[in-house]
Structures are given as C-alpha cells and as structure tokens.
> 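Structure provided below as structure tokens; questions to follow.
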Amino acid sequence: AAYLCSAFCVAATGAWYMLRNIYHAEARVMLRMGLFLAAVVLPVQLAFGHLVGDYVHQHQPAKFAAIEGRWHDEQPASEVLVALPDEPAETNRYALSIPILGSLIGSMSFTSKEVGLTDFPAQDRPPVAIPFFAFRIMVGCGLLMLALAWLGTALEMRSGGPRSRLLLWVIFLSFPLGFIATLTGW
C-alpha cells in the first residue's frame, strides 16, 4: 500500500509540473515512473487483497457477511455492488447486485452457498454499515487507480505520455486515493 501511495504522489507531482509547464524532463520521468510502478504493483495488491478476503471468508464468516451486506443465506449468492444496509430490518435498501458473482468471489464456485448474517446471534454480528461502505470505497479507489495507471502507462508507451490537460488534472487529483484506500481497509 505504501508503494502505491508513493507512486501516485510521484505521478501527481509530475502531472502538476506538466500542468504548470515547468521542469519538463523531471515531470515526464516522475509521471512515467509513478504510473508504471502503480500499473505493475496494483494487480499484485488486488490479488493479495483477494487472498485476505478468502481468509476472512473462511475464519470470520460473520465479518465477511457484513462486508458483503449479505443478510440471508444465498445459493448461489449475488454480489451487492451498492446498497443502503438497514440493520433493524435485516435487509438492504436500493440494492444493485450481480447474480452469482458473490459465490464466485467467496468460494470460487458458481453454485456455492454463502452464509448470511441472520445465521449468527444478533449479539455476535459485527456492525454492517462501516465494513460494507469501507470495503466498497477501498475497492473503488483501487479500481480507479488501476484504470489511471494502465491508461497513463498505455499512453506513455504509445505516444510519449498523457498530453490531455483533463487527464493530467485527473492524475493530479488522484493522489489521495491511495491514502483513502489505506484508511478504509487496504
């Protein structure tokens, strides 16, 4: 996580210099190095994150159910992308889900049964809102960083780097994503 925070801070600094039209040579090196490092390290970080998720799935099923926002057993389980968890009603409001993906993520199977929070006594359940939203913020930051790193690296390899002012601004403004991802669970 520290490498990713550093990589995006370096890339953001390079983007800032390019936007200000100063330190041209240094800015290109900083942008290229930061984005390339992130493009290589981010998939590794995401893979290790999935392994941690497998551990939580196996050893802390109530916590995993809270992170997933899964209230009742499902077979196959859907993956809740966004929702508003309602703990007193033991349901999710306004849920947007992808069928079967929850089983695939949780057990690497298209048909596995995934445990819901109602299988656990109320006093043994973790709070739902904090891990549910923190996980989605963390994953969203990681995927946005991955998209920016791959896009910037592809542009670097094809045409000598990002030239669009809009893209440079997006890269510059992306520097807090690594910190936010770390604070929300990375």
Side-chain angles (χ1 to χ4, degrees), residues 1-60 63-64 66-69 79-83 96-98 101-108 129-186:
Y3 291 117
L4 293 173
C5 288
S6 300
F8 266 83
C9 285
V10 168
T13 304
W16 178 252
Y17 287 161
M18 290 182 82
L19 287 165
R20 292 283 155 234
N21 207 18
I22 57 176
Y23 309 118
H24 300 286
E26 294 87 350
R28 290 222 35 229
V29 170
M30 293 170 78
L31 191 59
R32 184 179 330 135
M33 286 178 56
L35 291 175
F36 182 75
L37 178 63
V40 171
V41 174
L42 264 161
V44 175
Q45 178 72 32
L46 293 173
F48 277 111
H50 182 73
L51 293 175
V52 170
D54 287 345
Y55 180 86
V56 172
H57 181 263
Q58 183 177 3
H59 297 288
Q60 298 176 307
K63 180 179 179 180
F64 191 82
I67 289 169
E68 293 297 320
E79 177 68 19
V80 178
L81 298 179
V82 292
L96 176 62
S97 303
I98 298 176
L101 187 59
S103 290
L104 187 62
I105 290 171
S107 301
M108 298 306 287
I130 292 171
F132 180 83
F133 288 117
F135 178 76
R136 277 141 188 83
I137 291 168
M138 176 189 69
V139 170
C141 288
L143 293 176
L144 186 56
M145 290 167 65
L146 182 65
L148 284 172
W150 281 0
L151 176 63
T153 300
L155 288 173
E156 179 65 40
M157 296 171 89
R158 176 175 289 157
S159 62
R163 301 277 185 240
S164 160
R165 290 189 63 79
L166 176 62
L167 182 57
L168 290 171
W169 272 108
V170 170
I171 291 169
F172 170 68
L173 294 173
S174 72
F175 79 89
L177 291 176
F179 298 106
I180 295 167
T182 300
L183 291 173
T184 55
W186 220 332

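This structure is a prediction, so every number in the text was calculated from the model and none was measured.
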> Could you walk me through whether Cys5 and Thr182 pass the side chain to side chain contact (heavy atoms under 4.5 Å, CB included) test, one step at a time?
CA-CA 9 Å; Cys5 288; Thr182 300; 3.9 Å; yes

> Do you know which two heavy atoms are closest between Phe179 and Cys9, and how far apart they sit?
CE1-SG, 3.7 Å

> Kindly indicate whether the side chain of Tyr17, heavy atoms from C-beta on, has any atom under 4.5 Å from the side chain of Met30.
yes

> Looking at every non-hydrogen atom in both residues, tell me the closest pair between Ser107 and His57 and how far apart they are.
OG-CE1, 3.5 Å

> Hey, what do you get for CZ (Phe8) to CG (Leu173), rounding to the nearest 0.5 Å?
12.5 Å

> Of the non-hydrogen atoms in Phe172 and Ala12, which two are nearest, and what is the gap between them?
CD1-O, 3.5 Å

> Could you state the interatomic distance from CG (Leu101) to CD (Glu68), rounded to the nearest 0.5 Å?
8.5 Å

> Would you indicate whether Phe133, at its atom CZ, is surrounded by more than 12 heavy atoms from other residues, nucleotides or ligands within a distance under 6.0 Å?
yes

> To the nearest 0.5 Å, what is the distance between CZ (Phe64) and CZ (Phe135)?
7.5 Å

> Can Asp54 and Leu51 be said to form a side chain to side chain contact (heavy atoms under 4.5 Å, CB included), step by step?
CA-CA 5 Å; Asp54 287 345; Leu51 293 175; 4.2 Å; yes

> Please state whether the rings of His59 and Tyr55 are parallel, tilted or perpendicular, taking 30° and 60° as the class boundaries.
tilted

> What's the shortest heavy-atom distance between Ala15 and Ile171, and which atoms?
CB-CG2, 4.0 Å

> Stepwise, does the side chain to side chain contact (heavy atoms under 4.5 Å, CB included) test hold for Ser174 with Met145?
CA-CA 8 Å; Ser174 72; Met145 290 167 65; 5.9 Å; no

> Start with the C-alpha gap between Leu31 and Leu168, add the side-chain angles, then the distance that decides, and say whether side chain to side chain contact (heavy atoms under 4.5 Å, CB included) holds.
CA-CA 9 Å; Leu31 191 59; Leu168 290 171; 3.8 Å; yes

> Is the backbone N or O of Ala83 less than 3.5 Å from a side-chain atom of Arg136, with the two atoms forming a donor-acceptor pair by type?
no

> Grab the two heavy atoms, one from Ala149 and one from Leu42, that are nearest each other, plus how far apart they are.
CB-CD1, 4.4 Å

> Heavy atoms, side chains only, cut-off 4.5 Å: are Leu167 and Leu148 in contact?
yes

> Does CD1 belonging to Ile130 count more than 12 external heavy atoms closer than 6.0 Å?
no

> If you compare all heavy atoms of Thr153 against all heavy atoms of Ala39, which two are closest, and at what distance to 0.1 Å?
OG1-CB, 3.6 Å

> So how far is it from Leu146 CG to Gln45 CD, rounded to the nearest 0.5 Å?
11.5 Å

> Can you tell me how far apart OG (Ser164) and CG (Leu151) are? Round to the nearest 0.5 Å.
9.0 Å

> Rounded to the nearest 0.5 Å, what separates atom CG in Leu144 from atom CD1 in Ile180?
10.0 Å

